[in-house]
There are 2 protein chains.
Amino acid sequence: MAERNEDTRWLERDELAAWMSLAGLMFKLPGALDYQLQRDSGLTHFEYLVLAGLSESPDRSRRMSDLAGFANGSLSRLSHVVKRLERRSFVVRRPAEDDGRITVATLTDAGYAFLVDAAPGHVRTVREYVIDALTPEQLAQLKVIADQILQRVDPGKPCSE
Amino acid sequence: MAERNEDTRWLERDELAAWMSLAGLMFKLPGALDYQLQRDSGLTHFEYLVLAGLSESPDRSRRMSDLAGFANGSLSRLSHVVKRLERRSFVVRRPAEDDGRITVATLTDAGYAFLVDAAPGHVRTVREYVIDALTPEQLAQLKVIADQILQRVDPGKPCSE
DNA sequence: GGTTATCAGTTGATGTATCAACTCAAGGTA
DNA sequence: TACCTTGAGTTGATACATCAACTGATAACC
């Protein structure tokens, strides 16, 4: 695994600078988003994504593994999180009728109401930190760039549309 | 704090798409990097950054708060992490001579050797996932974009150079 | 038709992050 | 000098993520 040190193509100055900026972004942005959501709504960003993923699905329902993919998390993580959300009665779970292995999660009315309340603040934060910081052109560039990187990181999920 | 729902400027289609791509990136990339480092070297990405930050400092030493800023983490987080690194004898800590409040962390020879061993694999992964996924032009765009977002998220740290 | 394999999810142990409370040192201030 | 204040780090409780082991249901095979 560890190749010899002299064989390594170290990063050039510009490459390093770009990478450090991206690394900074990866560290700081999730924290900032989590902070706002936690403070204003008592939600994790991941929990928010779960609720949002359910809210935009037919019948506000979605099977667990599908939801995990949407929220970019492992099935295990999702299971723990949904358990918590269930305790808050934002979500209910039940096995699918046709296949007993499958669990379907459904957003309750209370969960939907909670999401509707949390959404504006979150969207405003995303706008403030990301969208409004960039020109429309940069935003388009960003999407292309992020998708290309994602393709390498996780070839299984080529990205929507 | 929670503004009325109708006042919210929701995200346009393109904005949403770009944001979802970025969100996916923020979730997946850290995990992928952590995975490689953990598997090949038993290091967190954060721990790696701490060691790397020390290695490139004069005397391989740096005060804690400075190091925390470099690694994009809180002082508390750094303190915990350095304690662990100290237990592995990769780092030592001692109070500064002139000011007893300040703690200086120093990379040991063992820590340096360990970093030298871990670096090639990490750099190769960064290259594979990020650098080589993009054209030089995109890389330049990415740096600009990331810096602009970072400026909003954390105005205190305008970014290097 | 019974056995085995695979799939979807869950659970519990462990490790790590986070927050608030704390310690200890240095600067003021009177 | 005694007192308060601020700054730098540490610590411990709690919450969350991760991994491996597990359960139960369906599908595949002979």
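Below, each value reflects all heavy atoms present in this structure, side chains not excepted, and no hydrogens, waters or symmetry copies. Letters A, B, ... mirror the listed sequences (proteins, then strands); counts begin at 1.
Within the nucleic acid shown, A:S79 comes within 4.0 Å of at least one base atom, counting heavy atoms only. Among the atoms of the strands shown, base atoms are found under 4.0 Å from some heavy atom of A:L75. Across all strands shown, A:S76 has heavy atoms under 4.0 Å from base atoms, whether or not it also approaches the sugar-phosphate. Residue A:T103 is in sugar-phosphate contact alone, with no base atom involved, counting any heavy-atom pair closer than 4.0 Å across all strands shown.
Contact check for A:M64 versus A:V82: side-chain heavy atoms found under the 4.5 Å cut-off. Side-chain contact between A:T103 and A:P95: absent, with no pair of heavy atoms (C-beta onward) separated by less than 4.5 Å. Here the side chains of B:R93 and B:K83 are in contact, with some heavy-atom distance below 4.5 Å.
Of the two residues near DNA chain D, A:D99 and B:Q38, the one whose nearest nucleotide lies more 5' is B:Q38. In this structure, A:A96 and A:T44 both approach DNA chain D, and ranking their closest nucleotides by distance from the 5' end singles out A:T44.
Taking only side-chain nitrogens and oxygens, B:R63 comes nearer than 4.0 Å to OP1 or OP2 of D:dA8. Within the 4.0 Å cut-off from OP1 or OP2 of D:dT5, not a single side-chain nitrogen or oxygen of B:R101 is found.
For C:dG15, the base has no donor-acceptor partner in the side chain of B:H80 [N/O atoms by modelled type, under 3.5 angstrom].
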